[in-house]
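Worksheet: one structure, shown below.
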Amino acid sequence: MTETPDRTQESNAPKYDFAAAEPAWQAAWEQAGCFTALDVPAGDKPKYYVLEMFPYPSGKIHMGHVRNYTLGDVVARYKRARGFDVLHPMGWDAFGLPAENAARQRKTDPASWTYANIANMRGELKRMGLSLDWSREFATCDPEYYGQQQQIFLDFWKAGLVERKQSAVNWDPVDNTVLANEQVIDGRGWLSGALVERKILSQWFLKITDYAPELLAGLNDLPRWPERVKLMQENWIGRSEGAEVTFKLAGSDDGITVYTTRPDTLFGMSFLAIAPEHPVAKSLAERNAEAAAFIAECASQGTSEAAIETAEKKGFDTGLFVVNPFNGEKFPVWIANFVLMEYGTGAIFGCPCGDQRDLDFARKYNLPVPVVVSPKAGEVPEIGNKALDGDGFIVNSGFLDGMSTKEAKAAAIAKLEEIGAGKSVVNWRLRDWGISRQRYWGCPIPVIHCEVCGPVAETNLPLVLPKDVTFDKPGNPLDHHPTWKHVNCPQCGKAATRETDTFDTFIDSSWYFARFTAPHAKTPTNLSAVKHWLPVDQYVGGIEHAILHLLYARFFTRAMQKTGHVSVAEPFAGLFTQGMVTHESYKDADGNWLYPEEVTKHADGTATTADGRPVTVGRIEKMSKSKRNTVDPGVIIERFGADAARWFVLSDNPPERDVEWTETGAQGAFRFVQRLYRLAETIAAEPKVAKPETFSGEAKKLRQLTHRSILTVTEALETFAFNVAVARGYELAGALVGESPTDPALLWARREAIGILARLLAPMIPHVAEAVNAVLNPGAGLVAEQTWPEADPALTVKDEVTIAVQLNGKLKATITVPVGGSQEANVAIAKAAAAGALKGQTIVKEIYVADRIINFVVKP
RNA sequence: GCGGGUGUGGCGGAAUGGUAGACGCACCGGACUUAAAAUCCGUUGGGCCCUAGGCCCGUGGGGGUUCAACUCCCCCCACCCGCACCA
């Protein structure tokens, strides 16, 4: 009892104990059921569906998740306060390669690894205080989910949206395994190091190309999508108008058909090039060893378009010739590694003067470069190493001479049709969606292959993955399984084989947003629920998904609409794409990457390891495990609290840009949370006064700031300018710092300000907002259940304005005048204010923009 | 290679074609303290002039349109995202 309390320690302790408060407020929200929604709500509250891209359960949340889910949570909490009935669910994109890799390395099975990761990450997300309806949670690897997905696939099949086609995969000839593109490094298998081959397999496809026109046109119905995302999708779908032209092989009745968008340049032909997989190339390879060798070389380039296009342009002269239908001349046929079999007809005609790639190819193999396009009508320009790929005028081209490229296209097509050598066609870059994966940890494709009946639908869903699989040899464990694939045909009863491929995981993420509306329905969707909740009003995720995931989901939704599973065509009415989270990277003297916690930074800007070895501070890069420049959100939340972590990821820059995580920034956020609570305690302890009749001076100014803050924060939240909302929060809080006043009007205004501030910031820092509210109004309800503050219009109108006075556009003075003052009066004031600068100058012109600027154009 | 984006103080960034640098971080100075931390107050784009005060330069680089350009147009550079089997 004689112990003296350590006063130093006590005064050092933060007043706001986030570690105790945050879980307590989370429990209070849960108990009040603030965030649960009904599948089919009664009543007439408007609905708002907020969704963030669900995470892959890698084991721990990362800063990208913290940012993504905080952004979505701000929207969800804000919309709730605005009176919307909000649906804000969370789940797990749980199938995929990492679980199989973990199974191989650690001898665990993918399911238990995945579910353990989910359990851990669920805890971390809950600690963030997100306003999620956890009752809707599911993982895509739950049989309850993927069984419904199998049903959808069978419905698509019946509806004619599924087909079986040949397509190429990356084949590792040593491990006898199909490789993902990311497992191919510099053309070699990541584990075996063997040169990867292109191998053709029979696979399942969804006919996304049937919807190409709709997917393109539908972009016009998405005003709340970023323009750049729509542009990327438009280019990806790649509608082009051109012509198919058939070139007769010299001395044969056979021909090669090319697709071209430049029929106007047919007279500029220099060669014809075909893809290595083109039938003509293949048949040549059968009798020509050199051709076969070249084709094999091309096949070692891998399947990714980037790899093919960045590879050195190479060709093989087949010795064959084709005849140009316009001028009857003969041109050589080459096999070229940059011609894609998947695009157009797998063959092009080469016009070097009008296409850079063709020109590079012609220069490399010394092929002629006939000039047929000119920027000026009638002139024939010199072509160096730069092709004239823009619009212009046609020269040296017979009947096309003198026409613009646009006119010539139409004329050339008309002629082709007239002579029966070609026709006008619309071509799409978009290819059908190959959905077969030769892997275990995915949704089994519910098909049985019968020699008599062909492929037949599995009748007993869900078709569940077998658990007794081994990962001790390469390849697909489903295929290795001793019994799983051997079944009887559901139609004829004869012995048959199960499909051992699983679905592309992009399918899992193409309808989860629909399943969230009724996650426990016995059918894929509950129509009443999807009708009520879809489309998603605000979708939030990374820009890296701008094309594939979002396009697949748009297609899948249309296909589900056709098969009666949903009632809308577009899944996401609003889209926001966030930037990445970055951090400085560090290397030691031996060039090894170091984690931030291994690095000590010094005042002089240098850095060392804990034991004093020098550290090179590298570039700021996207947080990634390989560069070790990651910061664990769990550690950050433990040190600074969930609110501080949320505040920091919102504060430092606009959400669509990359954000750099910095220790000092996190500390700053922590201090703000503390300051806010301290302010509330200070103000709560001030005398409570009745609302005065009038406000003047400082009190009026504070009230004006408070009510303008309502407008500015509201606008910032509506437009995703969360960093601006944060700045306004700092501004209003800053106005409340300092000694407590005695003026009753100011006391009243301060109490009003801190209460409104808490509500304005609650979407961003919900825990401390509750704490502030509780200390100001003990016993009052939760902020999470309050409506959004409303500004008093009388306090938000500006009565004075500061106008810039410029000479020749350069600022010379500012004047503060009543809003709406007359031009005459304001110009007179401006002349007086800038009298010094105007001395000896003649005013040539006055530019007057009311309430903004006065610019005197002057001459000496 | 192709498609899409980004670039503003020491740092993150703000700015309907109209006062560039709001707000924050960091730094520096002051108050409080035996001291430190925390907190509070204040300074801070660069250069120049003799103070008051004023002048010049300045939004990746170069050109252009305009009374006025971070903002619009053209060319270039650097970095980032995507490229169909990573999610």
Side-chain angles (χ1 to χ4, degrees), chain A residues 8 11-12 14 53 55-56 58 93 95-98 169-170 178-184 226-229 231-236 238 303-311 313 338 342 356-357 360 430-439 504-506 509 542-549 551-552 577 579-580 582 605 619 621-622 651-654 656-660 662 664-665 667-669 671-672 674-675 678 721 723-724 726-731 734 737-739 802-814 836-837 844-847 849 852-858:
Chain A
T8 320
S11 61
N12 277 354
M53 291 179 184
Y56 179 79
S58 55
D93 188 12
F95 276 136
L97 276 179
V169 294
N170 297 308
V178 176
L179 299 176
N181 282 337
E182 72 158 8
Q183 296 172 323
V184 179
E227 285 305 319
R228 59 181 167 149
V229 173
L231 196 54
M232 282 191 260
Q233 291 216 349
E234 186 181 325
N235 290 333
W236 185 263
T303 59
S304 91
E305 192 182 313
I308 292 168
E309 298 244 358
T310 50
K313 308 277 172 288
F338 60 86
E342 291 89 354
Q356 190 60 45
R357 209 162 43 175
D360 295 343
L430 183 68
R431 308 199 296 256
D432 274 333
W433 177 9
I435 52 170
S436 298
R437 297 291 181 270
Q438 296 69 40
R439 313 196 188 292
D504 178 7
T505 55
F506 271 124
S509 53
I543 185 67
E544 66 272 21
H545 296 291
I547 297 175
L548 290 179
H549 160 59
L551 191 63
Y552 288 143
T577 52
M580 298 176 302
T582 62
R619 285 183 29 205
E621 303 200 52
K622 177 180 177 176
S651 68
D652 231 30
N653 69 7
E656 66 273 18
R657 294 232 209 131
D658 293 352
V659 63
E660 189 200 349
T662 59
T664 50
Q667 285 170 359
R671 278 203 298 270
F672 179 73
Q674 294 292 327
R675 188 188 313 156
R678 225 175 20 246
N723 57 319
V724 178
V726 165
R728 299 300 162 237
Y730 273 118
E731 193 179 15
V737 167
E739 295 284 298
T802 302
I803 298 179
V805 181
Q806 299 179 335
L807 256 65
N808 292 340
K810 289 196 177 181
L811 181 74
K812 294 295 164 187
T814 58
V844 181
K845 195 175 172 187
E846 276 174 28
I847 311 285
V849 182
R852 270 197 184 278
I853 201 156
I854 299 168
N855 186 16
F856 298 111
V857 184
V858 295

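Every chain is numbered from 1, with letters handed out A, B, ... down the list of sequences.
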Pairs under 3.5 Å (N/O, protein and nucleotides 26-31 of chain B):
residue: B:A26; atom: OP1; partner: A:R671; partner atom: NH2; Å: 3.2
residue: B:A26; atom: OP2; partner: A:R671; partner atom: NH2; Å: 3.2

Write down the protein N/O and nucleotide N/O pairs, taken from nucleotides 4-7 of chain B, whose separation is under 3.5 Å; answer none if there are no such pairs.
residue: B:G5; atom: O2'; partner: A:R228; partner atom: NH1; Å: 3.4
residue: B:G7; atom: OP1; partner: A:R657; partner atom: NH2; Å: 2.9

Just the atom pairs and distances: protein N or O near nucleotides 44-49 of chain B's N or O, under 3.5 Å.
none

Polar atom pairs between nucleotides 51-59 of chain B and protein, under 3.5 Å, N or O only, would you list them?
residue: B:C57; atom: OP2; partner: A:K810; partner atom: NZ; Å: 3.0

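Protein atom CZ of A:R675 is 7 Å distant from nucleotide atom P of B:U39, rounded to whole Å. For the pair A:W433 CH2 and B:C85 P, the computed distance is 10 Å after rounding to whole Å. For A:H549 and B:C86, the NE2 to P distance is 16 Å, given to the nearest whole Å. Taking atom CZ of A:R852 as the reference point, atom P of B:A20 lies 13 Å away to the nearest angstrom. A:D93 places its CG atom 15 Å from the P atom of B:C85, with the value rounded to the nearest Å. For A:Y552 and B:C86, the OH to C1' distance is 13 Å, given to the nearest whole Å.
Here the side chains of A:M53 and A:H549 are in contact, with some heavy-atom distance below 4.5 Å.
Between A:T814 and B:U19 there is no side-chain N or O to OP1 or OP2 distance below 4.0 Å.
The residue among A:A669 and A:D432 whose nearest nucleotide of RNA chain B lies closer to the 5′ end is A:A669. Sequence order on RNA chain B of the closest nucleotides to A:N170 and A:I847 puts A:I847 first from the 5' end.
The salt bridge (Lys or Arg N to Asp or Glu O under 4.0 Å) search around A:E656 returns none, not counting sequence neighbours.
Between B:C67, B:U19, B:A87, one nucleotide has an atom nearer to the side chain of A:H545 than all others, and that is B:A87. Counting only heavy atoms from C-beta on, A:P654 has its side chain closest to B:A14 among B:C81, B:G1, B:A14. Among B:C67, B:A84, B:C85, the nucleotide with an atom closest to any side-chain atom of A:E305 is B:A84. Comparing B:C41, B:G1, B:A14 against the side chain of A:N723 picks out B:A14 as the nearest. Of the listed nucleotides (B:A84, B:U19, B:C85), B:A84 has the atom at the smallest distance from the side chain of A:W236. Listed candidates were B:G24, B:C86, B:U19. Nearest to the side chain of A:Y730 is B:G24. Out of B:C67, B:G82, B:A22, the shortest distance to the side chain of A:V857 is found at B:C67. Residue A:F506 has its side chain nearest to B:A87 when only B:A20, B:A87, B:G1 are considered. In the set B:U39, B:A84, B:C41, the nucleotide with an atom closest to the side chain of A:V737 is B:C41. Of the candidate nucleotides B:C2, B:A22, B:C86, B:C86 has the atom nearest to the side chain of A:L97.
Between the side chain of A:Q806 and the base of B:C67, no donor-acceptor pair of N or O atoms lies under 3.5 Å. Judged by distance alone, with hydrogens and angles left aside, A:R439 brings a side-chain donor or acceptor within reach of the base of B:C85, the pair sitting under 3.5 Å. For A:N855 and B:C67, a side-chain-to-base donor-acceptor distance below 3.5 Å is present, hydrogens and geometry of angles not being considered.
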message: Expected output check: what is the dot-bracket annotation of RNA chain B, where ( ) and [ ] are pairs inside the strand (brackets for crossing ones), | is paired with another strand, and pairs are Watson-Crick or G-U under 3.5 Å?
response: (((((((..(((.....[....)))(.((((.......)))).)(((((...)))))..(((((..]....))))))))))))....

